[in-house]
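Below is one structure; the comments refer to it alone.
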Amino acid sequence: MHDIKAIREDRDGFVKALSRRPAYAASAGAEADRILEKDKALRDVLVRLQTQQARRNEASKLIGQAKAKKDEALAAALMAEVSELKEGIQKGEQDQRDLEKDVRDLLAVLPNLPADDAPQGADEAANVAMPERAFGTPVQSNSAKQHFEIGEALGQMDFERAAKVSGARFVYLKGDLAKLERAIGAFMLDTHTEQFGYTEVSPPVLVKSGALFGTGQLPKFKDDLFRALAGDGAVHVGFVDTHNKSHEEVAKLIAEASVPSDEAGHWLVPTAEVPLTNYVADEILSEADLPLRFTAFTPCFRAEAGSAGRDTRGMIRMHQFSKVELVSITTPDQSDAEHERMTDAAQIILKKLDLAHRVVTLCTGDMGFGARKTYDIEVWLPGQNAFREISSCSNCGDFQARRMNTRFRNAEGKVQGPVHTLNGSGLAVGRTLVAILENYQQADGSVAIPDALQPYMGGRKVISKT
RNA sequence: GGACAGGUGGCCGAGUGGUUGAAGGCGCACGCCUGGAAAGUGUGUAACGGUGAAAGCCGUUCGAGGGUUCGAAUCCCUCCCUGUCCGCCA
């Protein structure tokens, strides 16, 4: 969420930054002007309304004093005056609510402004390589199998039965592959907590809509989410007047007043970023406690609404997958350094697993809604003969903090404004498993276990068909 | 799911229609006291918004949203959350 004051005070600067996102290249100016128009109308209403409220408050106090002095005539005169103000005040309050909602609704769907050093570009082709962060040598091989061929041949990865039970984009892992997923998660958590000071968290994976608004998935991206409703999801809303009505009439009125609402039920988290970041929602944190660093190993659920036909084979794009997430809450002046540190933490995992990868800075056309700057880590998959995203580390600046209403105060107790939030995968566990299968596959169909994971796999060195 | 009881400032906690943004306490900050500290003592200590060059002035906020009233932390309605008991349940 953008700071309306910032748009008001520097409209052109806002438009310039927003128009760096290709989707807003043409419309940024019009967006800003629509918002500013509503904002101006709101402030006009406030000036008028507050004058009336001030007089009402003053007169109300005088009424209390007059009544205390038994001066009923004065009290009656004042009450008549306030009575006349009432209509205007109620109208003003309604206008205020409407205009505040208008401004908020317009702001809520606008993406974050790219950082100055986020490269300009239309799509992923314009992402900028970071050679200083590249690691390892991609192994080209004509004989390399894809992960699902390896997993299915091992008899430990079953898409057909998953389709029977849950449909497309689900998988059963069994035996050593199921254990390997757990081992990868445990290895990642241990690394982040022990080497990087993250606090391990086991968060809720069903959340209310307010949390998804806070991190920016709602209201704009609800089609990407799964929703969990109790029963048929009907919710009783509003007041039903049962006076002098038959049972049938009351039942009908209740049914009419019961509708699915956007507030009803829960949503399945698309990433642990949501519960980890919203942990501090509506709080004023102490600067001394920052940065906060959280990590969690959770399932993630995504509808993949816009991905029909993409990555249909294998485990690359699932409705449900495991991920270890990293979230940092920092002061504004720390967030750039924290972004580099978080990316280091994510990369360490791949380095310890000896998996070749590269890192790119996303261009303005490829960045997510809430990010001001993003690094993607792409791991080499010899079976696909390609680099594939395995982590995305973003600095969201104060964008999520404004939506969540999370601020911090300094040592003197003075509120300093919104915190900065960052999130990154550390890493996608399913895709890490894919990368291990493809990079550690052996000619006989078995898969070597990376050294770093052997302690988590009972000291074993290889996964074979059982 | 049912029945009660609650949700007040950084924390605890008073407050059931009229100068209550809110007593009191804790915590915190600064001062006095002290050789220094503790104790004691004094003062201060919410957020957000509008307006203004600023000082300031004004408004809103006592879980959230509506309503009643000249006036709501206080009365009414809806929702959310917490606690206790019952039911069900991993």
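Hydrogens, waters and symmetry mates play no part in the numbers below; they use all other heavy atoms, side chains included. Here is how names work: the chains are called A, B, and so on, in the same order as the sequence lines, proteins then strands, and each is numbered from 1. Since we're looking at a predicted model, the values are computed, not measured.
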Nearest to the side chain of A/Q90, heavy atoms from C-beta on, is which of B/U51, B/C70, B/U68?
B/U68

Residues A/K174 and A/D158 bridged, charged N to O under 4.0 Å
no

pair_partner(B/G83), Watson-Crick or wobble, both distances < 3.5 Å, evaluates to B/C4

Could you tell me which nucleotide pairs with B/G35 by Watson-Crick or G-U wobble geometry, both distances under 3.5 Å, or answer none if nothing does?
none

Could you tell me which nucleotide pairs with B/U16 by Watson-Crick or G-U wobble geometry, both distances under 3.5 Å, or answer none if nothing does?
none

Counterpart base for B/A23, defined by Watson-Crick or G-U wobble contacts under 3.5 Å:
none

How would you label the contact of A/R48 with the nucleic acid (heavy atoms, under 4.0 Å): base, sugar-phosphate, or nothing?
nothing

Between B/C58, B/C70, B/U51, which nucleotide has the shortest distance from any of its atoms to the side chain of A/M79?
B/C70

Does this structure show an ion pair linking A/K323 with A/E325, if we count only N-O contacts that are shorter than 4.0 Å?
yes

Considering Watson-Crick and G-U wobble pairs with both distances under 3.5 Å, what does B/C88 pair with?
none

Quick one: look up who B/G65 pairs with, Watson-Crick or G-U, both distances under 3.5 Å, and put none if it's unpaired.
B/C77

Could you check whether A/D224 pairs with A/R302 (Lys NZ or Arg NE/NH1/NH2 to Asp/Glu carboxylate O, under 4.0 Å)?
no

Say you draw a straight line from CD1 of A/I390 to OG1 of A/T432; how long is it, rounded to the nearest 0.5 Å?
3.5 Å

Complementary nucleotide for B/U51 - Watson-Crick or wobble, under 3.5 Å:
B/G56

Taking for each residue the nucleotide of RNA chain B bearing the nearest heavy atom, is the 5' side occupied by A/A54 or by A/R97?
A/A54

Can you figure out which of B/G49, B/A47, B/C70 approaches the side chain of A/R407 most closely?
B/A47

With rounding to whole Å, what would you report as the distance between B/G42 and B/C33 at their P atoms?
15 Å

Considering only atom C1', compute the distance from B/G13 to B/A23 and round it to an integer number of Å.
10 Å

Side-chain contact check for A/V415: nearest option of B/C58, B/C70, B/A47 is B/A47

Which base, if any, makes a Watson-Crick or G-U wobble pair with B/C28, both distances under 3.5 Å?
B/G44

Aromatic ring proximity A/F301/A/F321, centre distance under 6.0 Å
no

